[in-house]
Structures are given as C-alpha cells and as structure tokens.
Amino acid sequence: MGRIYVLIFVCLRHDYVSKNVSHSMERVVIEQFIEWKNKSDRKPLIVNGARQVGKTWLLKEFGKREYLQTAYITCYKNNLVKEIFSTDYDTKRIITALGAVSRIDIKPESTLIILDEVQEIPEVLESLKYFCEDAPQYHIAVAGSLLGISLHKGFSFPVGKVQTINIYPMSYEEFLLAKGENQLFNILESKDFKTINMLHEKYVDLLRQYYYVGGMPEAVKQFVETGELMSVRSIQKQILSDYSKDFSKHAPKELVPRITMVWQSIPSQLFKENKKFIYGTLKKGARANDFELAIQWLLDAGLIYKVPRVKALKLPLKIYEDLSAFKMYMVDTGLLGAMVDVEPSQILINNNIFSEYKGGMTEQYVLQQMKSHGTENIYYHNTDSSRLEIDFIIQREGNLLPIEVKAESNVRANSLSMLLQNTPDMQAIRYSMLPYCEQSQMTNIPMYAV
C-alpha cells in the first residue's frame, strides 16, 4: 500500500514539530511479519516483548495491510475464550468458536487470527501445537506481555511448533520515520557514509532527542505530535509505574521487594565506572542466590537485558561465559532517563551529556540498537587486573568482533588499541560521536548508525 510521508526539518532548540503534521508510526519489524506470512512451512506465531512496546498495534497494523480481514480477540478477563480453549484442542471447533466470538467469518490464508494477552489463558499456547499439526492453513498469531513468566506455571511450551518474533522499543531508525525524516532514514539505510558524514550534525541532533524520548511508542507518538517534553516524561513515568504494578500483580509475593530492589538499582549500577552488577549495592552482604529469581523474573518480563562476561576472547564465546559476572541494562533509554529524572536540557542542549553518566546511557543505547536489529549472544570482557576492558563482544561470521563504546568524540588509545596490536588479524568496531572512518583494524561508526 502506498504511504505518504512528510519530511520536516526541525530546529532542535526551538519548536520540535509542526503541530498539524500527521505521522506514520512505521515499524521496520513489520517486514519480519510479512516474511512469516509468506513462508510455505509457516507455523503459528508468538509475538514476545515487554508491556507497551507496541505488540498489539503491530499485529493489528499487519492484519490491516496484509489480510482481507482480522479476527482480533483479547484473552484478558475473557471467560468465553477460556472456555473455548479449556474443552479440548479440536482446531475445527476452536476456529468456529473464535469466529463466533469475533463475529468474523474466519477463512484460511485471508484472515489473520490475533489472540492477545495470552498469558491470561496459557491453554492458548498449548493449542498452537495442534494448529501447527492439524490446521496449518490458518494464520494465527498470539501476543502477551508476560509470556516468559506464564510459561513457568506448569504449561508445556509448543517447542518446534511455533515461530517467535521479539518486539523491542522503537529503534533510532524507527524514531526517524516517526518524525517524518524519511530521507535521513533512507540515507542511513543505504550506508552511504560520504553523504551520512555530511549530515552528521543533523543525525546527532536527532539522536539527542531519541536519548530523551526513547523508543516506547506512546512516548514517541506524544513527542512527534506535540513536541512537549514534559508530557513525554509523564508518559514515561506512567509506564514505569505500570511496570511496578505488574511486579505486585504477577510476581510471587515473597519476590516483589527483591524485584523492586533490583529494578531500582539498575541506573546506579550502570552509571558507575565499573558497570558490573554488584549484589552488595542492593543490600549489605547480599549474595547471588538472594536475588537470582528476582533477576530472572525481570528478564522473563522483558524489562531488562543481561550481558554476561566472558573470561577469554576465544571462540565459541558461550563456553567462556562467567556466570557470576554480568552487566544489566533496562528495556529503554527513555525510561532509564525518566528513572533518574534527567533534565531535558541536559540531553537536548548540553554538549556534556555524552560524557556524563560515565557512558552508561550510551552503552544502554548501543545495546538497545543491537537488540532491535536482532543481535544475539552479546557479551563483555575484562581481565581481573582491569587493564583490558571491552564494552561488548559478539561473534560474527565465525570471527570475534570486539565493540568499543565511546560516549563522545575523545577516543584516545586504550584497551581496544592494545588488544588489536596483540591480535593483528582481528577487526573491531568503535561507536563514538565521530563521523564514519575506516582504519586498518578498526571501523569507527557514528553512534546514530549502530
């Protein structure tokens, strides 16, 4: 379907948007949904992600664009749906019943069936196995905010019978699209760094805005439509408050205080020199086994990311994982800023922002970008003497790829240079506020092009 995009150039320090412009909240991840639809061996789809990252909107938008009709059904407080799935797993009967509930004549191939908030009725997840085996001609997608948590309640996951797509907050690229900056988006996607370097200041200005707004769709929409920074902040605060309510609503009672302690400690852990997560900062004398379940709950809810340390820079990284040491990040950079009450002016105008917070905000952003682009198995490395510290390390095409994150443009000699001198055949990436530049073993990529 053709879409009309409006390109607006904004002046950072004055009015952020034209109040009359309507914008498309374009999500790049929708391409993955289209790929799923077109597969010959398509399996039922599970859409996973933290609460309020836009799962429902994405599925409905996908249905609108790609299907003749959509049967959308929420499982939240829906006894009728509970009854449908509690009887048996006869797919023919279930389809007829879902058609009656949604008032849609469900047809194979041309109807998208969406079952939302499925953590409320875990039998829905079990039924997907039978849809895969007995009724593959039906396009069925399910979504839920706390799926990882509901799986621990004695229901069997349909292993091998489903496909999962993970949804993250909006990336910087999607933020550009939401702002109507389609030309800037296309140039960035083209990786034409000659042109990108010419627009460096423009990309940096927009990156500052993204640092503040983050990628929660409701916050982005508010910013794009009104430019009101305080309204954006109150939406972020509301989301944080909703997450806290989820702790008490869905977590085992005895875990709630510990989950809250871990959650509230993330900014202080991330904004210290050594970003390794220290249990002792939560409570004097605290140990791993006091907080392991609380951390696992937050991971299952999609609210945090955990980056483990590797003891050695050798392949495969997984076998050198140090289970006792890790760094922890939040789901979204905007929420991180809201949690520490950082002032808009500090991010949008003050040039020091990228050097303050000891790079914690910048690492948060880089990790979030890597996640939203589907990068798996991200680690970090340091030596016991702390002489060598690599911010992130991943495996790519059978090689190790060290990644250094520099919060500003000062990138003087350091750990990474030392590592590269000792390993002449290794390539590395440095993300910083400098424009794109290739050196013999290192590519400097600007922060906005992560």
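Heads up: numbering here begins at 1 and tracks the sequence.
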Side chains of residues 441-450: which donor-acceptor partners sit under 3.5 Å, not counting sequence neighbours?
residue, atom, partner, partner atom, Å
Q441, NE2, L420, O, 3.2
Q441, NE2, T423, O, 2.9
Q441, NE2, P424, O, 3.3
Q441, NE2, M426, O, 2.9
N444, OD1, S432, OG, 3.1
N444, ND2, S432, OG, 3.4
N444, ND2, L434, O, 3.3
N444, ND2, P435, O, 3.1
Y448, OH, H200, ND1, 2.7

Can you find a pair of side-chain heavy atoms, one from [X] and one from [Y], that are under 4.5 Å apart?
X: M216; Y: I235; result: no
X: M433; Y: L207; result: yes
X: K161; Y: P44; result: no
X: I94; Y: F131; result: yes
X: H373; Y: E173; result: yes

Ignoring hydrogens, what is the shortest heavy-atom contact between [X] and [Y]? Give both atom names and the distance.
X: V53; Y: A50; answer: CG2-O, 3.1 Å
X: W36; Y: K43; answer: NE1-O, 2.6 Å
X: A251; Y: I259; answer: CB-CD1, 3.5 Å
X: I304; Y: I295; answer: CD1-O, 3.7 Å
X: H139; Y: E109; answer: NE2-OE1, 2.9 Å
X: L58; Y: F33; answer: CB-CZ, 4.4 Å

How long is the straight-line distance from [atom2] of [Y] back to [atom1] of [X], given to the nearest 0.5 Å?
X: I73; Y: I121; atom1: CD1; atom2: CD1; result: 10.0 Å
X: N48; Y: K55; atom1: CG; atom2: NZ; result: 7.5 Å
X: S127; Y: L115; atom1: OG; atom2: CG; result: 7.5 Å
X: C75; Y: L80; atom1: SG; atom2: CG; result: 11.0 Å

**Report entry** side chain to side chain contact (heavy atoms under 4.5 Å, CB included) between Y431 and Y365, worked out
**Finding:** CA-CA 11 Å; Y431 291 121; Y365 161 76; over 6 Å; no
Query - Residues T70, K64; criterion side chain to side chain contact (heavy atoms under 4.5 Å, CB included); working and verdict - result: CA-CA 7 Å; T70 301; K64 210 187 294 175; 5.9 Å; no
Query raised in the report: E228 side chain to Q222 main-chain N or O, any donor-acceptor pair under 3.5 Å?
Result: no
Query raised in the report: Short question: side chain of Q163, backbone of R42 - any donor-acceptor pair under 3.5 Å?
Result: no
Requested in this report: With side chain to side chain contact (heavy atoms under 4.5 Å, CB included) as the test, would you mind laying out the steps for L313 and Y320 before giving the verdict?
Outcome: CA-CA 8 Å; L313 294 177; Y320 297 100; over 6 Å; no
**Report entry** Residue pair K283, D290: steps toward the salt bridge (Lys or Arg N to Asp or Glu O under 4.0 Å) verdict
**Finding:** CA-CA 10 Å; K283 200 166 102 185; D290 297 330; 5.7 Å; no
Enumerate donor-acceptor pairs with a distance under 3.5 Å from any side-chain N or O in residues 322-337 to protein atoms, sequence neighbours excluded.
residue, atom, partner, partner atom, Å
D322, OD1, S324, N, 3.0
D322, OD1, S324, OG, 2.8
D322, OD2, R309, NH1, 2.8
K327, NZ, Y329, OH, 3.4
K327, NZ, E363, OE1, 3.1
K327, NZ, D391, O, 3.0
Y329, OH, E363, OE1, 2.5
D332, OD1, G215, N, 2.7
D332, OD1, Q368, NE2, 3.2
D332, OD2, G334, N, 3.1
D332, OD2, L335, N, 3.0

Query raised in the report: Using the benzene-type ring in the case of Trp, are the ring centres of F277 and Y279 under 6.0 Å apart?
Result: yes
Report task. Go through D134 and T91 one step at a time and tell me if the side-chain hydrogen bond (donor to acceptor under 3.5 Å, both in side chains) criterion holds. Result -> CA-CA 7 Å; D134 307 334; T91 51; 4.7 Å; no
Query raised in the report: Stepwise, does the side-chain hydrogen bond (donor to acceptor under 3.5 Å, both in side chains) test hold for Q238 with D242?
Result: CA-CA 6 Å; Q238 185 58 53; D242 291 347; 3.0 Å; yes
Should we say atom [atom1] of [X] is surrounded by more than 12 heavy atoms from elsewhere, each under 6.0 Å from it?
X: K37; atom1: NZ; answer: yes
X: Q69; atom1: CD; answer: yes
X: K237; atom1: NZ; answer: yes

Query - Intermediate values then yes/no, salt bridge (Lys or Arg N to Asp or Glu O under 4.0 Å), E35 and K39 - result: CA-CA 6 Å; E35 272 171 40; K39 277 184 175 173; over 6 Å; no
**Report entry** Derivation of the side chain to side chain contact (heavy atoms under 4.5 Å, CB included) call for L419 and L416
**Finding:** CA-CA 5 Å; L419 173 67; L416 187 57; 4.3 Å; yes
Query raised in the report: Going through the distances and angles, do K318 and E321 end up as a salt bridge (Lys or Arg N to Asp or Glu O under 4.0 Å)?
Result: CA-CA 5 Å; K318 185 85 187 153; E321 192 176 316; 3.2 Å; yes
Report task. Sequence neighbours left out, what passes side-chain contact (heavy atoms from CB on, under 4.5 Å) with E117? Give chain and number order. Result -> R51, T74, Y76, Q119, E120, S145
Query raised in the report: Does the side-chain hydrogen bond (donor to acceptor under 3.5 Å, both in side chains) test come out yes or no for E83 and N79, once each step is laid out?
Result: CA-CA 6 Å; E83 220 169 287; N79 292 329; over 6 Å; no
